[in-house]
Amino acid sequence: MNDYDDCWLRYDRADADRLDSYRRLCRHAYVAEKSPELSAVRDELRRAIPGLLGEDPHLWQHPPSTAGGFLAIGTPDDMRMVADSVPVDEVERLTDGGFLLRTVEWEGQRCVVVTAPTDRGLVYGTFHLLRLMSVGDPVDDLDVREEPTYANRLLNQWDTPFHRSVERGYGGESIFDWERLPDLRERYEDYARLLASVGINGVVLNNVNTEKPPRPSAGEAFDAFEGWQLLESGRLEAMTGLVSVFRRYGIRTYLSVNFASPMLVGGLDTADPLDDEVREWWREKADEVYDLIPDFGGFLVKADSEGQPGPYDYDRDHVDGANAIAAALDPHNGRLWWRAFVYGSHEDRAVQAYDTFEPLDGEFADNVTVQVKNGPIDFQPREPVSTLFGAMPETDLGLEFQITGEYTGQGVHATYHLPMWEEVFEFDTHADGQGTPVKSLFRGDGEGVVGVGSVGEDDTWTGHYLMQSNLYAFGRTVWDPDRSVEEITDEWVRQTFGADEAVVDAVSEILRDSWEACIDYETGGLGLMHMMYNGEALLENHYDPSPGEWPGYHGVTEDGVGVDRTSGGSGYAPQYRDPVAERYESVETCPEELLLFFHHLPWEHELSDGTTVVQRLYDNLFAGVEEVERLRDLWRTLEGRVDEKRYRHVSERFDEQVAQAKRWRDTLAHYFYDHAGIPDEAGRVPNR
Ligand code: GCV
């Protein structure tokens, strides 16, 4: 028994009404044996069946003839019984990861068949079946056909090897004990299970920040192990066991690498991407990696951003930089993920990514994916979507979401990101005419969706029991962005907390309403953002309110609030296609929830319902706190219905969240009042 939580893979006893049928169909399992993935499937049945059915599974190496019913898991090639009972051509047409679940008659027995064209698909199909039983769905008449929407569904760990820390991680230290590799921990496998159970098929093991500036001068040693060192030969060898753990669950491994690796790891005196020796160094390094890890996914690079080196150091552009590394990966079918999160000369950072990358469309090598954050700033509680989506038709793009709650209350506040991700997915980019939502993009073989991870060594994994939901929801929505928020949330709650309808309703409501509450108390709404503490003293914590620090992000002055990002301002709005650009350009048509992101307006500007901007900001701040109090009270109704440990943990965090939300409300309300000089009509903002 581990101390840490099982999250949604609890496999508690199935509902009594279903138990007979589950036992009849799934207690006996005939599972193909040929691959590591199938041994993971068998292990999962050994874990799940005793819990769900209250009986040990009986695992067979041939179809049992007297069981009366059984579960069969294998490809049609693996098992004649499967080939005889499902339409093989339908299975073969499924994309990698896709699977079928069917309840069939076979030689007088009723059987559940899990089949797929690949072993990875069998892993997903097995987890799908176990999920159905965990939420109490019937399995005696199954006809399920599933395929992942995006080819690449990646997790980006921001785990920093030195000190085992996780940048912006609130679930404790990194679970990866780099110094002790090749020794493995059981936790690696449990993490791989969690990821595979929601369809993640790639993991970048280390932080995109692979170097901690400043670099020591020549002759001086680095004082700590840094991420770039994972490319050293000994480190790569030590990593192969960890890679196998993920491989068993159909997950490919990737590494974040430093652009200056030829110097740092290779001892060259340049990392110029057009230098022959540098290119040769990357080639040899890629060959070495693939010798050790033949199914290695590729590299991820953060270049020319926040102190990380990049092509600009050599007067080269991002195409030069990316293509040099991609060329080394290409013979091995490896992929380079190259982040668009770059800084530059613009006063308004929002315009930077598009200005830098859009002109380079069509120039990146075929095995480069440009990875773009969902919004133009930095994972704020609400941002408009990035203008790059749909703007680079000749380039493979990846969409980057943040699972961890860097700006949404971290490990303390219950802020569910799925409604935000749904808003992003549904946004119509008009890239290919009306009806080109974000979710319709990223469908190429080299494209996909990426989530910045949230787990750590804490017993809860994510630092907050309720925030395990973000990891779950990320995988499920990226598997199928058409699945509704309600459906995904309901699945998660039932697997995590059981079938008590009062619990299901309350937890679902808490999650559903939490994001809007956070926007209200952390920003006042209307598209304001980035008022978080960013100073050195608290390690740029991005948690406490500090609106005076970065006025450029919210544009608060004595005459008004908001940032002019129209064509007369920083020029961000015109980066969208029409009619989106036109909609944002005008104060009249700009949606209120983003109004101050695009426009600097007088404090007394009237909104559509006649309320002034400043009054709406006050109202939202107070409403946000009231909402969190309501959600806390809703959680309190669950005392005695949820186990004591999780009940108390969440209750304590809610108390802290309410206190912190009040701190935000009061700080921002005073800040607005100090600049606007206009009192709250309801008299709630006292003079200081
Ligand atoms: C990994 C923000 C975060 C940084 C993060 C960076 C990035 O600036 O605060 O911690 O660095 O984004 O996405 O690269």
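Whatever order the structure lists them in is the order used to number ligands and atoms, beginning at 1.
Shortest contact from atom 12 (O) of ligand 1 to any protein heavy atom: K373 NZ, 3.1 Å. Of the protein's heavy atoms, D378 OD2, 2.9 Å lies nearest to atom 2 (C) of ligand 1. Protein heavy atom closest to atom 6 (C) of ligand 1, with residue, atom name and distance, is E306 OE1, 3.2 Å. The closest protein non-hydrogen atom to atom 9 (O) of ligand 1 is E406 OE2, 2.5 Å.
S386 OG to L399 CG: the interatomic distance, rounded to the nearest 0.5 Å, is 9.0 Å. Atom CD of E406 and atom CH2 of W158 lie 5.5 Å apart (nearest 0.5 Å).
Polar contact check, E167 against ligand 1: a nitrogen or oxygen pair lies under 3.5 Å apart. Polar contact with ligand 1: present for N209 (N/O pair, distance under 3.5 Å). The shortest N/O to N/O separation between E400 and ligand 1 does not fall below 3.5 Å.
Contact annotation for V452 and ligand 1: no heavy atom of the residue comes within less than 4.0 Å of the ligand. Counting heavy atoms closer than 4.0 Å to ligand 1, residue K302 contributes side-chain atoms (C-beta onward) but none from N, CA, C or O.
Which parts of ligand 1 touch H542 is read off a 4.0 Å heavy-atom cut-off, strictly below it: atoms 9 (O). Residue N207 has at least one heavy-atom neighbour below 4.0 Å for each of these atoms of ligand 1: 1 (C). Near R168, meaning under 4.0 Å from any of its heavy atoms, are these atoms of ligand 1: 3 (C), 4 (C), 9 (O), 10 (O).
Of the candidates R339, Q371, E400, N156 forms a side chain to side chain donor-acceptor pair (under 3.5 Å) with just one, namely Q371.
Between D177 and R185 there is no salt bridge, since no side-chain N of the basic residue sits under 4.0 Å from a carboxylate O of the acidic one.
Below 30°, between 30° and 60°, or above 60°: for F357 and F364 the angle between ring planes is below 30°, a parallel geometry. The aromatic rings of Y150 and F442 stand perpendicular to each other, their planes meeting at an angle above 60°, with 30° marking the opposite boundary. Between F474 and F401, the two ring planes are perpendicular [angle over 60°; tilted spans 30° to 60°]. A tilted orientation is assigned to the rings of Y553 and W550, their planes being inclined by 30° to 60°.
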